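Read through the structure below, which is laid out as structure tokens, and then see the notes.
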Amino acid sequence: MNKSASLCKFLLISLLYLSIFVRCEKFESFPDEFKWGVGTSSYQIEGSWNVDGKSESIWDHLTHNFPEKIEDQSNADHTTESYKFWKRDVEMVRELGVGVYRFSISWPRVLPNGYKNHINRAGLDYYNNIINELLTYNITPFVTIYHWELPQRLQELGGWTNPELIDIFIDYAKVLFDEFGDRVKMWTTFNEPWHICEQAYGQDYMAPSYDYPGIPIYLCGHNLLKAHAKVYHMYKNIYNHGIIGITADISTPHPLNHNHHHDQQAVERAYQFYLGWFMHPIFSKHGNYPKIMIDRIGELSKKQGFTKSRLPTFTNDEIKMIHKTSDFFGINSYTSIQVTLNDDDTNPAKHKIPSFFHDMGTIESQNENWEKSGSVWLRVHPSGMLHLLKWIKKEYHNPPVYITENGVSDKGGLNDVKRVEYFNSYLTAILNAINDGCDVRGYIAWSLMDSYEWKAGFTEKFGLYHVDFNSPNKTRTPKMSAKVFSEIVKTNKIDWSYLPLIDEKSSSYNIKQSAFVLVFASIILSSL
Ligand code: GBH
């Protein structure tokens with residue numbers, strides 16, 4: 001063989017090798033522009049519940065008047081005292097090296113009556129301080145306008161079942177845009193509308209624990225969607241310096257029995273009832289509620305003797321007004337469920353009639369093989385995240401997605417190996433989704449630090465930082481997961497070095513191994 005031919009061959013093989021290597025690298029790292037963040041919410045961290053003019057929220061009201069409804073009878077009167085120690089919080093965000101801090105604003109801290117006739121300057125200044133401190137260090141504030149803290153006085157008007165709240169919410173949002181809009185460029189209106197409506201009005205569960213299944217929940221959802229859309233338009237018309245969206249939540253549904261096509265149907269129903277209820281009107285091609293919800297709730301309502309559907313109807317103008325009112329698809333997801341159909345005639349699950357769960361017509365469970373966490377509802381199932389992201393891509397034509405919450409609980413401690421495993425395996429699933437073409441733009445880990453976990457009180461910990469709730473300064477200390485997460489953020493790669501070899505590791509390395517086999521094969525072939 002002559003010299004130039006062998007040089008040519010050499011070059012070709014090098015090129016092949018290089019392209020495979022680059023491909024592997026690409027598959028193993030997150031995109032350069034990927035946004036990393038950590039999250040908290042006001043009630044869970046602020047404490048100082050009645051300080052400097054703040055009034056009572058529905059969570060203050062619930063925890064003060066019905067402590068027996070909370071696992072450890074606790075409340076968030078003090079919790080991590082971020083109202084005092086916010087500087088330390090921002091310092092931790094810096095230590096982690098993330099570019100985004102997602103936090104929420106307490107409505108009754110800013111507008112104690114709920115209305116804008118009385119604006120509490122001290123409340124606004126608290127958030128101004130946080131925002132300014134974040135910006136000093138180049139950290140993007142990502143503000144949630146409503147993470148469940150309704151002023152109690154507005155609850156007394158019927159809360160989110162009262163359409164009056166739409167305009168009152170617009171006023172509240174306007175106060176925030178006027179005050180912070182010059183510096184805050186990332187907003188979400190509502191955190192987890194399903195929880196705000198179903199878990200709070202349909203059950204004796206999240207505040208206000210209204211326990212009225214199947215009716216007020218849909219009024220709540222209707223008002224929430226209108227309030228969201230109107231605030232979106234106001235922002236776009238008057239301010240429009242940044243992005244604004246909504247964050248929904250779901251535990252990824254899987255068929256209980258993979259071979260039963262009925263169970264596949266149950267999966268689709270669960271997606272549409274949990275996510276589609278709020279996201280279909282915004283992200284689907286033509287807007288409005290999912291057809292399956294309109295049909296099922298309509299038919300069941302009729303059977304049950306109601307004059308009209310318990311699911312309210314949007315006018316055509318309202319459908320248009322709500323359609324496409326989110327710059328990104330915000331999603332919170334922690335775990336998976338298994339579902340099977342629950343037919344109306346038999347109702348074997350004995351769901352209350354009417355109720356959201358009876359309307360959906362499914363029975364849920366969790367797989368005993370999925371690893372447990374510190375919470376009964378949360379089992380570790382990373383491939384659920386991949387399914388979910390693919391479903392969103394397909395259903396809503398690949399919208400830009402922010403994973404606004406994902407994380408795991410334990411019972412506490414600094415050596416949180418399980419949390420490291422959780423983040424690594426869920427992030428591997430997310431990376432797979434990105435390599436599959438899902439437009440995931442960012443990941444916000446839940447949570448910056450241990451905090452008040454709603455009905456579970458202080459019995460479950462989600463933090464990257466440990467908080468010593470007994471110390472006067474509520475001392476915050478990084479856990480192992482904080483160190484690993486900051487390494488991931490720095491390198492844009494998942495970091496397995498802290499852990500013994502586990503499945504996901506070997507699978508991500510398989511790509512590289514097969515690449516090497518390929519290269520060797522080609523070298524041998526070419527030398528023949
Ligand atoms: C998110 O909600 C919240 O946005 C966040 O504030 C919260 O800290 C985080 O999740 C972790 O929970 O006890 O079986 O009846 C997710 C909603 C709320 C889902 C509590 C599970 C308990 C269900 N989570 N809920 S159960």
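All values derive from a computational prediction rather than experimental measurement. In each ligand, atom 1 is the first atom listed, and ligand 1 is the first ligand listed. Numbers for residues simply follow the sequence, beginning at 1. Computed from heavy atoms alone, side chains included, the values below leave out hydrogens, waters and symmetry copies.
- In terms of protein heavy atoms, atom 17 (C) of ligand 1 is closest to His195 NE2, 3.1 Å.
- The part of Asn191 lying near ligand 1 is the side chain, judged by heavy-atom distances below 4.0 Å.
- With sequence neighbours left out, the ring-ring contact (aromatic ring centres under 6.0 Å, His included) criterion links His351 to Phe357.
- Interface of His147 with ligand 1, defined as ligand atoms under 4.0 Å from a residue heavy atom, comprises 3 (C), 4 (O), 5 (C), 6 (O).
- Within the cation-pi definition used here (under 6.0 Å to the ring centroid, within 45° of the axis), Arg441 does not qualify as a partner of Phe328.
- Under a cutoff of 6.0 Å and an axis angle of 45°, Arg102 and Tyr402 do not form a cation-pi pair.
- Of the listed residues (Gln366, Glu405, Glu460), the one carrying the non-hydrogen atom nearest atom 5 (C) of ligand 1 is Glu405.
- The side chain to side chain contact (heavy atoms under 4.5 Å, CB included) test applied to Asn65 returns Glu56, His61, not counting sequence neighbours.
- Side-chain atoms of Asp416 never come within 3.5 Å of backbone atoms of Lys418 as a donor-acceptor pair (strictly under, hydrogens ignored).
- With a 4.0 Å heavy-atom cut-off, ligand 1 is reached by no atom of Lys455.
- Relative to atom 10 (O) of ligand 1, the option among Tyr334, Phe462, Trp377, Trp446 with the closest non-hydrogen atom is Tyr334.
- Selection from Glu192, Glu71, Glu453 by nearest heavy atom to atom 8 (O) of ligand 1 gives Glu453.
- Exactly one residue among Lys474, Arg476, Lys84 makes a salt bridge (charged side-chain N to carboxylate O under 4.0 Å, His left out) with Asp89. That residue is Arg476.
- Nearest-heavy-atom check against atom 20 (C) of ligand 1 across Trp454, Tyr43, Tyr205 picks out Tyr205.
- Side-chain atoms of Asp263 come within 3.5 Å of backbone atoms of Asn257 as a donor-acceptor pair (strictly under, hydrogens ignored).
- Contact analysis leaves Gln199 out of contact with ligand 1, as no non-hydrogen atom separation drops below 4.0 angstrom.
- Under 4.0 Å from ligand 1, the heavy atoms of Gln44 that appear belong solely to its side chain.
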